[in-house]
Amino acid sequence: MRTTSKIRITRRTLLAGASGTLIASRAWAQQPSEVKVGLLVPISGIYARPGTVMRQGAEMAVEHINAQGGVKALGGAKLKLVVLDSGDTTEKAKNAAQRMVAQESDLVAASGAYLSSFTLAVTEVTERANLPVLTLSYSDLITDRGFKYVFQTSATAASQARQALPQIIKLAETASGKRPKTVAILTDNTAASIASAKSMREGLLAENQLQLIVDETFTPPLADATSLVQKIRSAKPDLLFFLPTVISDAKLLLEKMNEFGLGQGKVPTISFGIAIAEPDMLQTVSPELLQGVLTCVASWGAKGHEALIAELKTRYKEPWMTQNAISTYGDMWVIKDALEKAGKADRVAVGEALRTMDAGPSKYYPLGEIKFDQKGRRVGAGMTIVQWQSGVPVTVFPPELALAKPFWPKT
């Protein structure tokens with residue numbers, strides 16, 4: 001009897017142990033070996049260059065994340081980057097987003113889509129699919145639509161303009177001894193440029209005692225910049241706000257300004273966005289024409305990013321780190337942190353993790369925190385002012401991130 005009882009107990013123990021092992025092995029088997037993350041950016045057409053740099057930043061981040069153990073909450077699952085081409089029109093971008101959600105149904109999140117116009121179209125599609133999207137695009141409209149799955153890591157265009165304008169006035173006054181009074185706006189009609197100009201037109205210039213005396217909007221790509229630059233020359237503004245998003249347009253306008261005697265600081269030129277600070281500018285525009293030009297951007301390679309800047313130079317032969325590389329690099333880390341918080345490779349759970357995230361001070365975007373408000377805007381997001389100095393656009397503001405001191409172009 002005792003022997004039989006012992007045998008039964010032993011059998012029960014063995015069965016219980018086997019059952020526990022089976023449950024544990026099933027739980028382990030459910031953990032994915034890889035997690036797909038999307039990148040929807042222009043790889044073809046006139047915006048292919050910035051899109052390619054965004055891919056480089058994402059590739060670096062995914063490689064670094066995987067080398068450091070992947071997503072630990074998912075048993076060390078590796079991130080797998082899925083790159084999709086948004087093309088060079090809003091329609092192409094929207095079609096690419098539709099293909100992405102249809103063909104890549106296991107994506108947990110994505111980053112994209114460079115131009116605000118593209119991002120507005122893309123996120124109409126991704127929102128319906130409950131796919132979280134992180135974006136560096138500037139337009140305020142992106143996060144003014146009540147969407148739950150769009151997260152803006154950059155300061156909005158209006159916020160950037162509001163932050164930048166007092167700094168530019170202060171710089172002008174300190175360097176020249178007089179406060180600027182009149183301004184010109186020369187902008188293309190893409191969403192981010194329109195948003196930046198809108199905030200200036202609708203009160204920001206007046207708040208800073210600046211009078212708008214020239215206001216011109218064009219459709220890219222430009223065929224001829226003559227009439228636009230003639231208006232600038234006739235008005236002689238103290239400041240020119242210069243908002244192209246296509247490199248060829250920036251080149252054409254700068255060359256025409258130089259031809260008309262307005263280049264090289266004759267009219268202090270301030271841009272918004274990175275077209276004016278892309279490495280490709282130096283292929284067609286001399287460093288002398290660019291010297292002193294300022295641009296206000298969402299992010300840039302700055303103090304604390306030296307190792308990443310060096311790696312980008314070595315791996316991809318990029319001369320400096322634009323916002324496209326550093327912001328997209330940061331996006332991959334934010335998605336990784338959201339996966340750790342969610343504890344599962346599920347896009348709805350990742351979206352909720354992003355909405356409730358509080359990951360402390362920002363490391364890859366200027367100022368603020370890795371935390372999003374009810375609209376999906378990053379809390380405390382700052383901006384960066386970059387200036388062309390001796391053939392390189394360097395961070396000059398904010399001071400704690402600056403790699404050089406700013407100067408005012410000589411007039």
Side-chain angles (χ1 to χ4, degrees), residues 35-45 47 50-51 54-55 57-58 61-62 79-154 156-157 190-192 195 298 324 327-339 341-342 344-357 372-378:
V35 182
K36 287 185 179 180
V37 177
L39 180 70
L40 181 59
V41 293
I43 303 297
S44 61
Y47 302 108
M54 291 173 81
R55 180 170 64 183
V62 166
L79 294 189
K80 181 180 180 182
L81 187 67
V82 178
V83 181
L84 300 105
D85 182 12
S86 68
D88 57 2
T89 67
T90 301
E91 185 179 358
K92 288 177 184 177
K94 187 172 184 177
N95 290 340
Q98 290 168 339
R99 289 195 305 274
M100 178 173 72
V101 298
Q103 298 171 10
E104 304 290 346
S105 58
D106 50 353
L107 287 177
V108 297
S111 175
Y114 181 58
L115 274 189
S116 290
S117 308
F118 295 179
T119 304
L120 284 163
V122 164
T123 49
E124 292 282 351
V125 176
T126 55
E127 183 72 11
R128 290 194 294 270
N130 295 338
L131 180 66
V133 173
L134 274 69
T135 184
L136 60 77
S137 297
Y138 298 177
S139 174
D140 294 61
L141 290 174
I142 291 167
T143 41
D144 263 342
R145 297 171 294 172
F147 286 5
K148 292 176 61 182
Y149 290 91
V150 182
F151 302 90
Q152 210 164 12
T153 56
S154 64
T156 66
T190 61
N324 293 324
S327 291
T328 311
Y329 181 92
D331 286 356
M332 295 299 119
W333 278 99
V334 172
I335 291 170
K336 187 263 188 190
D337 289 346
L339 281 163
K341 189 173 189 291
K344 54 183 175 179
D346 174 80
R347 59 177 60 173
V348 173
V350 169
E352 180 61 20
L354 287 165
R355 281 191 290 276
T356 57
M357 179 176 283
F372 297 94
D373 66 15
Q374 290 184 338
K375 287 189 171 185
R377 294 174 179 171
R378 191 170 63 81

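- Residues satisfying the side-chain hydrogen bond (donor to acceptor under 3.5 Å, both in side chains) criterion with T153, sequence neighbours excluded, are absent altogether.
- In this structure K375 satisfies the side-chain contact (heavy atoms from CB on, under 4.5 Å) test together with T143, D144, D373, R377, sequence neighbours excluded.
- Between L131 and L107, the closest heavy-atom pair is CD1-O, 3.7 Å.
- Applying the salt bridge (Lys or Arg N to Asp or Glu O under 4.0 Å) definition to pairs two or more places apart or across chains, those involving residues 98-120 are K36-E104, K36-D106.
- Nearest heavy atom pair, residue V62 against residue L79, reads CG1-O, 3.5 Å.
- Nearest heavy-atom pair across A157 and D140 is N-OD1, 3.5 Å.
- For S44, the side-chain hydrogen bond (donor to acceptor under 3.5 Å, both in side chains) test picks out D85, with sequence neighbours left out.
- Cation-pi geometry between R355 and Y149 is satisfied (NZ or CZ under 6.0 Å from the ring centre, within 45° of the ring normal).
- Listed by chain and residue number, K341, E352 satisfy the side-chain contact (heavy atoms from CB on, under 4.5 Å) test with T356 (two or more places apart in sequence, or in another chain).
- Across all their heavy atoms, R347 and A129 have their closest contact at NH1-O, 3.0 Å.
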- Trace of the side-chain contact (heavy atoms from CB on, under 4.5 Å) decision for V101 with R128: CA-CA 9 Å; V101 298; R128 290 194 294 270; over 6 Å; no

Tell me which donor-acceptor pairs under 3.5 Å the side chains of residues 113-125 have, and how far apart each pair is, sequence neighbours excluded?
from : atom 1 : to   : atom 2 : distance (Å)
S116 : OG     : Y138 : N      : 3.1
S116 : OG     : S139 : N      : 3.0
S117 : OG     : A191 : N      : 3.2
T119 : OG1    : A113 : N      : 3.2
T119 : OG1    : L115 : O      : 3.1
T119 : OG1    : S137 : OG     : 2.6
T123 : OG1    : T119 : O      : 2.6
T123 : OG1    : L120 : O      : 3.4
T123 : OG1    : R145 : NH2    : 2.6
E124 : OE2    : R145 : NH1    : 3.3

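- Put simply, the side chain of M357 reaches to within 4.5 Å of the side chain of V334, judged on heavy atoms.
- Considering every non-hydrogen atom in both P42 and Y47, the closest pair reads CG-O, 3.4 Å.
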Which pairs would a plain distance check flag for residues 89-96, meaning a side-chain donor or acceptor within less than 3.5 Å of a matching protein atom at least two apart in sequence or in another chain?
from : atom 1 : to  : atom 2 : distance (Å)
T89  : OG1    : K92 : N      : 3.1
K92  : NZ     : D88 : OD1    : 3.0
N95  : ND2    : E91 : O      : 3.4

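- Nearest heavy-atom pair across V41 and G51 is CG2-O, 3.6 Å.
- Once rounded to the nearest 0.5 Å, the distance linking CD1 of I43 with OG of S86 reads 7.5 Å.
- With sequence neighbours excluded, the residues satisfying side-chain hydrogen bond (donor to acceptor under 3.5 Å, both in side chains) with D331 are S111, Y365.
- Side-chain atoms of R378 and S154, non-hydrogen and from C-beta on, never get closer than 4.5 Å to each other.
- Side chain of Q152 to main chain of I142: no donor-acceptor pair is present (N/O by atom type, distance under 3.5 Å, no hydrogens or angles).
- Taking L84 as the reference, L40, V82, M100 meet the side-chain contact (heavy atoms from CB on, under 4.5 Å) condition, with sequence neighbours excluded.
- A345 meets the side-chain contact (heavy atoms from CB on, under 4.5 Å) test with P32, V35, L74, V108; sequence neighbours excluded.
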